[in-house]
Amino acid sequence: MDIGGYTGKNLLIDVSKGSFKTLNWMNQKNQWLKLIGGRGFGAKIIWENTSAKTNPLSPESLITLNTGPLTGLPIPGSGRISFCAISPLTGIWADSSMGGAAGTEIKQCGYDSIIIKGRSKKPIYLHINDNGVDFEDAEHLWGKGSFETETIIKDELTNDASVLTIGPAGENRVLFACISTEYGRQAGRAGMGAILGSKNIKAIAISGTKDIPVTDLKKVIEITDQAIEYMMKNDPERYDVFTRHGTTMALDWAQEVACLPTRNFQENVFEQSESINAESMEQKIKVGDRGCYCCPLACGKLTKTKVNGEQVYVEGPEYETLALLGSNLGLGNIEAIAAANYLCDQYGIDTISTGVVIGFAIECAQKGKISLDGLKAEWGNTETIFKLIEKIANLEGVGKTLAQGVKKAAEIFGNNCQSLAMHVKGLEQSGYETRSTPGMALAYGTSDLGAHHSRSTIVGWETATDRFGINKQKVEMQIFLQHQRSLFDALGTCRFQYCEAKLPPENFYPRYYIAATGLNTSQEELLLGAERIFNLTRMVNVRLGISRKDDYPPARVFEEPLPSGPYKGKKMNREDYDKLLDMYYELRGWDKNGIPTKEKLDALELQL
């Protein structure tokens, strides 16, 4: 039978040879379909085509762009793709999700996944289209910022291509360089931009015109009408607030519940939070709203600010950027945060890692452990912040060390700087301080790519129910959220319809999958596929040396009591965390060292 939702084909590009070929996976469809798509397809490709010896920045390494069975269909938030690779920052599994329209274009070119390997002898950009791949010269683009690069390529191609770019930081292989599109959407985490830079790929342009396979388009549209009505009417006040403010509305919440990272995670409340919250942003710098493909939420907020005296526009800052480039750096100026956001986007570096790296550097310098090349080690000092962004992107002075991320930088600096490095598995911690939220500490500790919230933001549930509890219920919720988040990435859809607009997944996404593909399924079966994905990426990491020793939050969480705020004096008890970790492994079917057992892998039908 014909299957909708999938094209049945992947595209393999070898930039060393300037060649490409189509790979048909339908002859092994059962092995692929059990991983659903998106991040699941990426995990299968990375598992089968890398090893413990793979150098992420070598020609032999892979980077994959993966769509899901719902990508590109008229479904809210269905424009997402997952970049998957071995991270140059952490040396382990990594994926980074991107919104916009690129996923739709990939499907319209006739592919589910794009696999890129090799290293071009000179700078190029790839133009993927209905007929295959054109390898275009990019010498004239090398050294240019992400925004300028996108504009030039769009002008050169004179079509409606979706253009993915890297900035100078990616060219320089800054280990947390990102990939950008649509002047403000990023695949931000874990150094995907550095991988493209190492392959001498400045950009990827994608323009397709083919129809996307779908079994029952009329039914998909009918479900979407129901979904939009539900989101708008179920909690209209919340819907209105989120569409008005996007993720920036979370800053007041984080301040209220005391989990807002402040001054390199030393504290969890910020005395200037009202100067950088959603209301302040709306009043001072917001000029409009932006949405991804087929999404009514329009969570992107377009703002204006000044950089070097010139007015510029930027999409953002979103919550994570407000937290990490704002409160985490003691910066209470919304215009300055937007300017730092613009600089990061133009240079092509992740705002989360950048904020954590700079916070680490300032604290280390304040404590006499390092020098900042003459810059003042002051919280909220815009000159220091802007200059360090520039130094990191260009590998200048202390920036050359900071460009390797906090884990490696701390090892290079020595002098016990490791105690101030906020990361898990080498990935800088995103925007939630965890000494008073053990569930969120576990979320960061057990995330397969490191300290990122994309796997679970249990902190919301935790602070509303049982904040300090060390119990099975909390661990079960953790695992559920990790699977639910994995499912959205596999389907090729955004999680905000669920997280923010409270669309119940069990009532909509199985129906979407059936209408799109023609294959029968249930929420339980989809979540089983998500569990397979989580276990497969764990096995990628096990092969790379990850075990229990790596599943812990940063040392500060255990060693330093909170100095201020409503939970002053609180820190995480290591014995309590070990109890959570033991329960987590047991419920997952992993052994005491965090290794999935053969029985578990067999039960999931993962023949590895």
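Position 1 is the first residue of the sequence; numbering continues from there. Keep in mind that what you see is a predicted model, and the values were worked out from it rather than measured.
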Could you walk me through whether Thr437 and Asn268 pass side chain to side chain contact (heavy atoms under 4.5 Å, CB included), step by step? CA-CA 11 Å; Thr437 52; Asn268 61 7; over 6 Å; no
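- Glu433 has a carboxylate O that lies under 4.0 Å from a charged side-chain N of Arg435, or vice versa, which qualifies the two as a salt bridge.
- Judged by distance alone, the side chain of Arg455 and the main-chain N or O of Arg485 form no donor-acceptor pair under 3.5 Å.
- Distance alone, capped at 3.5 Å, places no donor-acceptor pair between the Glu531 side chain and the Leu604 backbone.
- Using modelled atom types, one finds a donor on one side chain and an acceptor on the other under 3.5 Å when comparing Asp112 with Thr7.
- Between Glu411 and Lys408 there is no salt bridge, since none of the side-chain N atoms of the basic residue sits less than 4.0 Å from a carboxylate O of the acidic one.
- With a 6.0 Å cutoff to the six-membered ring centre and a 45° limit on the axis angle, Arg543 does not count as a cation-pi contact of Trp93.
- Remark: Lys9 fails to qualify as a cation-pi partner of Trp25 under the 6.0 Å distance and 45° angle criteria applied to the six-membered ring.
- Stacking of Lys425 on the aromatic ring of Tyr552 is not recorded, the 6.0 Å distance cut-off and the 45° axial limit not both being met.
- Separation of atoms CD1 (Ile86) and CD1 (Ile92) is listed at 8.5 Å; rounding is to 0.5 Å.
- Centroid-to-centroid, the aromatic rings of Tyr432 and Tyr319 come within less than 6.0 Å.
- The list of salt bridge (charged side-chain N to carboxylate O under 4.0 Å, His left out) pairs with a residue in residues 492-514, not counting sequence neighbours, reads Arg238-Glu500.
- By the 30° and 60° cut-offs, the orientation of the rings of Phe496 relative to Phe242 is perpendicular.
- Counting all heavy atoms, side chain and backbone alike, Ala190 lies closest to Leu427 at N-CD1, 4.0 Å.
- The six-membered or imidazole ring of Phe468 lies near that of Tyr567, with a centre-to-centre distance under 6.0 Å.
- Contact detail for Gln482 and Tyr584: the closest heavy-atom pair is OE1-OH, 2.7 Å.
- By the 6.0 Å contact criterion, NZ on Lys53 is open, its count of non-hydrogen atoms from other residues, nucleotides or ligands being 12 or less.
- Residue-environment remark: NZ (Lys34) exceeds the threshold of 12 foreign heavy atoms within 6.0 Å.
- Shown here is Glu48, whose CD atom has more than 12 heavy atoms of other residues, nucleotides or ligands within 6.0 Å.
- Using a 4.0 Å cut-off between charged side-chain N and carboxylate O, Asp602 and Lys598 make a salt bridge.
- With Ser436 as the fixed residue, the side-chain hydrogen bond (donor to acceptor under 3.5 Å, both in side chains) test singles out one of Lys570, Arg467, Lys571: Arg467.
- A donor-acceptor distance shorter than 3.5 angstrom exists from the side chain of Ser96 to the backbone of Arg189, with no hydrogens or angles considered.
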